[in-house]
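Here is how names work: the chains are called A, B, and so on, in the same order as the sequence lines, proteins then strands, and each is numbered from 1. Values below: all heavy atoms of this structure, side chains included; hydrogens, waters and symmetry mates excluded.
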2 protein chains.
Amino acid sequence: MGRSRVQGKHAGLTREQVLEAAVRLADRDGVEALSMRKLARELDVEAMTLYHHVQNKQGLEDAIVEHVLAESLGWPPESGAWQEVVAGYAHDLHRGLARHPGAVLLFATRPAITPRSLAILETLVRLLREAGFPARTALHLVYAVAGAVVGLHLGYAGDQNREPAAVADLAGEDLPVLADALADGPVTMESRLDFTLTALIAGFETLLPADGRRLSPR
Amino acid sequence: MGRSRVQGKHAGLTREQVLEAAVRLADRDGVEALSMRKLARELDVEAMTLYHHVQNKQGLEDAIVEHVLAESLGWPPESGAWQEVVAGYAHDLHRGLARHPGAVLLFATRPAITPRSLAILETLVRLLREAGFPARTALHLVYAVAGAVVGLHLGYAGDQNREPAAVADLAGEDLPVLADALADGPVTMESRLDFTLTALIAGFETLLPADGRRLSPR
DNA sequence: ATGCTAGTCTTACGCCGTAAGTGAGGTCAA
DNA sequence: TTGACCTCACTTACGGCGTAAGACTAGCAT
């Protein structure tokens, strides 16, 4: 019954298929429900088979992050107003995470140190330096923006996910200011992103050495 | 051997002891190593005993968050320069998370909706509103700051934790700008916190309606 | 033909969370 | 004093987990 597989037969499974199924499963059921055995079942294969395409579960998770990252982040433009480049980068990341909620927690727990993300980081920092930021400040800036985006999604990815919207219900008469703040409806992810991004970019601008040494050195 | 416990004997275990041991264990071995069985062993008790003090594992994790939060966050002052109150709040949270790295991931995945944290939120938002922010903007502000602090710690809490410092090693000659940015040593948590906080607060200031309607309405 | 290799399945181990049931002490009303 | 009841603890058991070790098979290179 049902058990119709045969030892040794090649099922033609590829690493790409494994990753796609893993992302699908994590998005559908939540990352905490992602197990090697369930993933294998999904692919109509035995669990141990997966270990030929992935080193272990941790390796699978790393690969998921890389996969989603590659799908989300294009190459930043080599030139342009830094404010827009940074905002574009943030929005790309945001859209990627929105499309793959199952990957959010993995993003949060893994430093992005693949060659690809480092190269993107390099490009961004170079652009910011050309805009007048000291290199170190530029690095801080990118970290702050990336952290804000991931942090934003975390708040909405918590499992059963009574997101901040639920605060509205809880904010009874004893929390009048909160109730007032939520009177216009719940705080959406988009509005939080826009707000945080605006504030961060405005804040960065005040940190920029006043002259803007890009073209005219004085 | 060693099995010297007796059925039914009251060992006098309290919820407080359970929580403290849980936090200690999570801080020492990482939150992913926290299991009901290990925790019970730590307390010289059988696993199922814990279920008298905690609803289930999820409940235990919720309680850890609450515990650490209570330990970290005092009541915000009812008055004072909003910049300093917000910065103080951020630093309190930061210190709490620094003291309890095992709780960071739990913080990140749980909306803070205990009565206590809601009350703190209420106080902060009220203060900000008195400083001239619209209620909704004030709420965004607090979320942004809290998210930044938690996000900051997440980057450093990733398990074996080759933190961003490791980027320095990876930034070879092909990533000259990054190497430059890291020439003065790795990016510490403190410097990231200070930078992000400065930028956020400066950004918020630009969002503040120009008059500052606290005292003089026109 | 022979052997190698890569992809697959089988079995097994020691963890995990927790449902269900057992038992020992303490409290307190009758 | 008794005995019912409650609380706290222990025991056993189940199904799921990650993965180490090994066996099998098909196809390719020799």
Using whole Å, what does the distance between atom [atom2] of nucleotide [N] and atom [atom1] of [X] come to?
X: B/L39; N: C/dT18; atom1: CG; atom2: C1'; value: 15 Å
X: B/Q17; N: D/dC8; atom1: CD; atom2: C1'; value: 13 Å
X: A/Q55; N: D/dT19; atom1: CD; atom2: P; value: 10 Å
X: B/L25; N: C/dC16; atom1: CG; atom2: C1'; value: 14 Å
X: B/L50; N: C/dA19; atom1: CG; atom2: P; value: 14 Å
X: B/L43; N: D/dA9; atom1: CG; atom2: P; value: 10 Å

Item to check | Cation-aromatic face contact A/R116/A/W75, 6.0 Å, 45 degrees | outcome: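 Yes, a cation-pi geometry.
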Next on the checklist: Less than 4.0 angstrom between a side-chain N/O of B/H52 and OP1 or OP2 of D/dC10, yes or no?
Outcome noted: no
Checklist entry - Can you tell me if the side-chain N/O atoms of B/T49 get under 4.0 Å from OP1 or OP2 in D/dC10? => result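 Looking at the OP1 and OP2 atoms of D/dC10, one of them is under 4.0 Å from a side-chain N or O of B/T49.
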Checklist entry - Has A/E71 got more than 12 heavy atoms of other residues, nucleotides or ligands less than 6.0 Å from its CD? => result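 Yes, because the 6.0 Å sphere around CD of A/E71 holds more than 12 heavy atoms from other groups.
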Checklist entry - Are A/D29 and A/K38 ion-paired here, with the side-chain N under 4.0 Å from a carboxylate O? => result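 Here A/D29 does not pair with A/K38 in a salt bridge, since their nearest N and O are not under 4.0 Å apart.
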Item to check | B/D27 with B/R24: basic N within carboxylate O range, under 4.0 Å | outcome: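 No salt bridge links B/D27 with B/R24.
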Item to check | Donor-acceptor pair between A/H67 and A/E20 side chains, under 3.5 angstrom | outcome: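 Not at all, the side chains of A/H67 and A/E20 share no donor-acceptor pair under 3.5 Å.
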Checklist outcome for this item: Expected string for nucleotides 12-17 of chain D under the B/S/- scheme (protein heavy atoms, under 4.0 Å, primed atoms plus P, OP1, OP2 as sugar-phosphate) is -B---B
Checklist entry - With sequence neighbours left out, what residues match B/E78 under salt bridge (charged side-chain N to carboxylate O under 4.0 Å, His left out)? => result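 B/E78: salt bridge (charged side-chain N to carboxylate O under 4.0 Å, His left out) contacts with B/R126.
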